[in-house]
Participant: 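Below: one structure in structure tokens.
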Amino acid sequence: MKLMTADDVHRALADSEMAVLHAVQSAYIAHDLGQSDLPFSAFVRPIDQPGTRFIALPAYLGGDQALAGVKWVSSFPHNVDTGRQRASSLVLLSGLDTGYPRAIVEGSRINAWRTAASAALASMTLRAGQPVTTIGVIGCGTIALEQVRFLRVAHPEARTALLFDHDPHRARQFGDVIGREFPQLTPIVVDRAEQVIQRGDTVAVTTTAPAPWLTLAASGRPTGQVLLHVSLRDLTVTSILSSHNVVDDVDHVNRENTSIALAAQQQPDLSFVQGTLGSILRTGTYRPDPAGVVFSPFGLGILDLAVAALVLDRSSRLGLGTEVPGFDPPEHIVAGTTNSRGARS
């Protein structure tokens, strides 16, 4: 079994944004074709730590390089107050020849990049060729930085990044990072989230808000705006019900008190959801809505598998990772035999 550290993953993914976008797109299309098995994510919430959680995302992704595995990801928002990352992640991959574990991969970058690539792919698709000159960001954390990274790749014509965070100091620091890492973008920190909504061609909402707080105005937004509702719980029910909505998977996103799930309590037939990104990618049938569109991705485990598979492939060519023995079942146990008490081993 291969063990891959955060540094291994970082090196394997260097300069591979386009390859990650392609891997994510292929996974979405495979899912739409029924070539995946995707149980609901399991949430574990420590009783004495409100707002914290662990999530297990099991998945099977078919195709030429079929994989099964699970991502175990944490979200501890208070980590930010002590200078730590909010989220940490591991990805366990199993081969389909024996079912034995194939790799354990540090997954924080995989988690961030698959999230950002998913949103950037949605922006490319739902903008349908309309240029994006102004990117908006609401919530200036690690995921937001990766969103900017991938939106810059998806929309090289972008020249401005509007930034808002409830902590103005964090927004200014984020702007400094944007200025250093992406010199073609001019960062502008604004005072209100509504200012981002009013001016951004594509807007990424990446907060840790536990409940809706952001209302979309009925007018005054750029034509064909794509709002990437990555954090899932920011938009009010009114905003969802009055918007053109695209999701990654209807069943998955309609749970865990997402804005989509809250809207479904008022409109159980989910007629306010116009489609899934995978179907649009597969069929190419999307027509841009001049009033804009909201993309709400729950985050599917197949995307982690797709990016992890890319990491493993690149690691083999680059000589990254460490092969660790001892993770296969002991060889002296023979399948199909019985022990002295008649039980199968």
Participant: Honestly curious: do Val177 and Leu185 fall in one hydrophobic cluster under the side-chain, below-4.5 Å linking rule?
Facilitator: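 Yes; tracing contacts between hydrophobic side chains, which count when under 4.5 Å, links both residues.
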Participant: Nearest 0.5 angstrom please: Ser279 OG to His31 NE2, how far?
Facilitator: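 Output value for this atom pair is 11.0 Å.
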Participant: Minimum heavy-atom separation for Cys140 and Ala171, please, with both atom names.
Facilitator: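 In this case the closest contact between Cys140 and Ala171 is SG-CA, 4.1 Å.
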Participant: If every non-hydrogen atom of Ile260 is compared with every non-hydrogen atom of Phe272, which pair is closest and at what distance?
Facilitator: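 Nearest heavy atoms, Ile260 then Phe272: O-CZ, 3.7 Å.
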Participant: Is there a side chain to side chain contact (heavy atoms under 4.5 Å, CB included) between Val294 and Ser296 once you walk through the steps?
Facilitator: CA-CA 6 Å; Val294 173; Ser296 297; 3.7 Å; yes
Participant: Specify the closest pair of heavy atoms between Phe295 and Asp248, including all atoms of both residues, with the distance to one decimal.
Facilitator: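 Closest approach of Phe295 to Asp248, heavy atoms only: CE1-N, 4.0 Å.
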Participant: Using a 4.5 Å cut-off on heavy atoms from C-beta on, say whether the side chain of Val203 contacts that of Leu228.
Facilitator: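 They are not in contact (no side-chain heavy atoms under 4.5 Å apart), so the answer is no.
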Participant: Compare every heavy atom of Phe76 with every heavy atom of Arg53, then report the nearest pair and how far apart it is.
Facilitator: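 Closest heavy-atom pair between Arg53 and Phe76: O-CE1, 3.9 Å.
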Participant: Can you establish whether the number of heavy atoms outside Arg314 located under 6.0 Å from its atom CZ is more than 12?
Facilitator: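 Enclosed.
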Participant: Could you tell me if the side chain of Leu162 sits less than 4.5 Å from the side chain of Val137, heavy atoms only?
Facilitator: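 No, their side chains stay 4.5 Å or more apart.
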Participant: Taking the side chain as every heavy atom from C-beta outward, state whether Tyr60 and Leu67 have any pair of such atoms under 4.5 Å apart.
Facilitator: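 Sidechains of Leu67 and Tyr60: no contact.
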Participant: Taking the side chain as every heavy atom from C-beta outward, state whether Asp234 and Ile138 have any atom pair closer than 4.5 Å.
Facilitator: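 When only atoms from C-beta onward are counted, Ile138 and Asp234 do not touch, as no gap falls below 4.5 Å.
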Participant: Can you tell me if Thr208 uses its side chain to pair, donor with acceptor, with the backbone of Pro77 under 3.5 Å?
Facilitator: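 It does not hold such a pair.
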Participant: I'd like to know if the side chain of Ser108 pairs up with that of Glu106 as donor and acceptor (distance under 3.5 Å, no hydrogens or angles considered).
Facilitator: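 Yes, a side-chain donor-acceptor pair sits under 3.5 Å.
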Participant: So which atom in Thr207 and which in Ser231 form the shortest heavy-atom distance, rounded to 0.1 Å?
Facilitator: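 What the structure gives for the nearest pair is O-CB, 3.0 Å.
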Participant: Provide the full list of ring pair (Phe, Tyr, Trp, His ring centres under 6.0 Å) pairs with a residue in residues 216-262, sequence neighbours left out, each pair given once.
Facilitator: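 Of all non-adjacent pairs touching residues 216-262, those that pass ring pair (Phe, Tyr, Trp, His ring centres under 6.0 Å) are Phe40-His252, His244-Tyr286.
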Participant: Above 12 or not: heavy atoms from other molecules or residues under 6.0 Å from NE2 of His10?
Facilitator: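 No, NE2 of His10 has 12 or fewer neighbouring heavy atoms, counting only those of other groups under 6.0 Å.
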Participant: Output every pair passing salt bridge (charged side-chain N to carboxylate O under 4.0 Å, His left out) with a member in residues 283-299, not counting sequence neighbours, ordered by first then second residue.
Facilitator: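 The answer is none; no pair qualifies.
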Participant: With a sphere of 6.0 Å drawn around CZ of Arg102, does it hold more than 12 non-hydrogen atoms of other residues, nucleotides or ligands?
Facilitator: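 No, the 6.0 Å shell around CZ holds no more than 12 heavy atoms from other groups.
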Participant: Is Ile197 close to Leu227 at the side-chain level, that is, under 4.5 Å between some pair of heavy atoms?
Facilitator: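 Of all side-chain heavy-atom pairs linking Ile197 with Leu227, at least one is under 4.5 Å.
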Participant: Give the cluster check for Ile104 versus Leu13: same hydrophobic cluster or not, with ILVMFWY residues linked at side-chain heavy-atom distances below 4.5 Å.
Facilitator: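 Different clusters: Ile104 never reaches Leu13 through Ile, Leu, Val, Met, Phe, Trp or Tyr contacts under 4.5 Å.
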Participant: To check you understand the geometry: which heavy-atom pair defines the closest contact between Ala308 and Val91, and what is its length?
Facilitator: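 So the minimum-distance heavy-atom pair works out to CB-CG1, 4.2 Å.
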Participant: Can you tell me how far apart CG (Asn254) and CG (Leu262) are? Round to the nearest 0.5 Å.
Facilitator: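 Going from the CG atom of Asn254 to the CG atom of Leu262 covers 9.5 Å.
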Participant: Using atom types as modelled and distance alone, determine if a side-chain donor or acceptor of Thr98 lies under 3.5 Å from a backbone N or O of Tyr100.
Facilitator: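 It does hold such a pair.
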Participant: Under 3.5 Å, is there a donor-acceptor pair between the side chain of Ser315 and the main chain of Gly321?
Facilitator: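 Checked: no pair found.
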Participant: Ser123 and Thr202: side-chain donor and acceptor closer than 3.5 Å?
Facilitator: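 Per modelled atom types, Ser123 and Thr202 side chains form a pair under 3.5 Å.
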Participant: Please find out if less than 6.0 Å separates the ring center of Trp213 from that of His166.
Facilitator: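 Ring centroids of Trp213 and His166 are less than 6.0 Å from each other.
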Participant: Please tell me whether Ser74 and Ser88 have a donor and an acceptor in their side chains that are separated by less than 3.5 angstrom.
Facilitator: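 On atom types as modelled, these side chains qualify, holding a pair under 3.5 Å.
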Participant: Would you find more than 12 non-hydrogen atoms of other residues, nucleotides or ligands less than 6.0 Å from Arg255 atom CZ?
Facilitator: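 Enclosed.
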Participant: Any chance the rings of Phe174 and Phe164 have centres within less than 6.0 Å?
Facilitator: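 Here the rings of Phe164 and Phe174 have centres that are no less than 6.0 Å from each other.
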Participant: When rounded to the nearest 0.5 angstrom, what is the spacing between CG in Asn79 and OG in Ser75?
Facilitator: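 Separation between the atoms: 8.5 Å.
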Participant: Crowded around Asp313 CG? As in, over 12 foreign heavy atoms under 6.0 Å?
Facilitator: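 Result for CG/Asp313: enclosed.
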Participant: Asp201 side chain to Gln225 main-chain N or O, any donor-acceptor pair under 3.5 Å?
Facilitator: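 Not at all, since once roles are kept as given, no pair shorter than 3.5 Å links the two residues.
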Participant: Is the shortest heavy-atom distance from the side chain of Arg86 to the side chain of His78 under 4.5 Å?
Facilitator: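 The answer is no, as the side chains (C-beta and beyond) never meet within the 4.5 Å cut-off.
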Participant: As an exercise, state the distance from CD1 of Ile178 to CZ of Arg152, rounded to the nearest 0.5 Å.
Facilitator: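 With rounding to 0.5 Å, CD1 (Ile178) is 9.5 Å from CZ (Arg152).
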Participant: Just how far is it from atom OG1 of Thr160 to atom CD1 of Ile188, taken to the nearest 0.5 Å?
Facilitator: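 Thr160 atom OG1 to Ile188 atom CD1 measures 5.0 Å (nearest 0.5 Å).
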Participant: Asn245 side chain to Ile240 main-chain N or O, any donor-acceptor pair under 3.5 Å?
Facilitator: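 Here the side-chain-to-backbone pair exists.
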Participant: Would you kindly confirm whether Val73 and Val230 end up in one hydrophobic cluster when ILVMFWY residues are joined by side chain heavy atoms under 4.5 Å apart?
Facilitator: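 No, no single cluster joins them.
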Participant: State, without any angle test, whether Glu146 and Thr142 hold a side-chain donor-acceptor pair at a distance under 3.5 Å.
Facilitator: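 Result is no, nothing qualifies.
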Participant: Start with the C-alpha distance between Met1 and Asp328, add both sets of side-chain angles, then the distance that settles side chain to side chain contact (heavy atoms under 4.5 Å, CB included), and finish with yes or no.
Facilitator: CA-CA 8 Å; Met1 188 195 72; Asp328 292 352; 5.9 Å; no
Participant: Whether the side chain of Ser239 engages the backbone of Leu235 through a donor-acceptor N/O pair (distance < 3.5 Å, no angle test) should be reported.
Facilitator: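 Answer holds: no.
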Participant: Between Glu256 and Arg233 (salt bridge meaning N to carboxylate O under 4.0 Å), is one present in this structure?
Facilitator: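 Salt bridge flag = no for Arg233 with Glu256.
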Participant: Start with the C-alpha gap between Leu121 and Leu281, add the side-chain angles, then the distance that decides, and say whether side chain to side chain contact (heavy atoms under 4.5 Å, CB included) holds.
Facilitator: CA-CA 9 Å; Leu121 184 63; Leu281 289 167; 3.7 Å; yes
Participant: Quick one, Val226 with Val293, criterion side chain to side chain contact (heavy atoms under 4.5 Å, CB included). Give me CA distance, side-chain angles, the key distance, then yes/no.
Facilitator: CA-CA 5 Å; Val226 174; Val293 59; 3.8 Å; yes
Participant: Can you confirm whether Arg45 sits close enough to Thr52 that some side-chain heavy atom of one is under 4.5 Å from a side-chain heavy atom of the other?
Facilitator: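 A side-chain contact under 4.5 Å is absent here.
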Participant: What I want to find out is whether Arg172 reaches Asp176 closely enough, with some N-O distance under 4.0 Å, to be called a salt bridge.
Facilitator: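 No, this pair does not count.
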Participant: CH2/Trp72 to CG/Leu92 distance, rounded to the nearest 0.5 angstrom?
Facilitator: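 The CG atom of Leu92 is 12.5 Å from CH2 of Trp72, to the nearest 0.5 Å.
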Participant: For Thr322 and Lys2, test the side chains for any donor-to-acceptor distance below 3.5 angstrom and give the result as yes or no.
Facilitator: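 No, Lys2 and Thr322 have no side-chain donor paired with an acceptor closer than 3.5 Å.
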Participant: Per the salt bridge (charged side-chain N to carboxylate O under 4.0 Å, His left out) rule, what does the pair list look like for residues 112-137, sequence neighbours excluded?
Facilitator: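 For residues 112-137, and leaving out neighbouring residues, the salt bridge (charged side-chain N to carboxylate O under 4.0 Å, His left out) pairs sorted by first residue read Arg114-Asp304.
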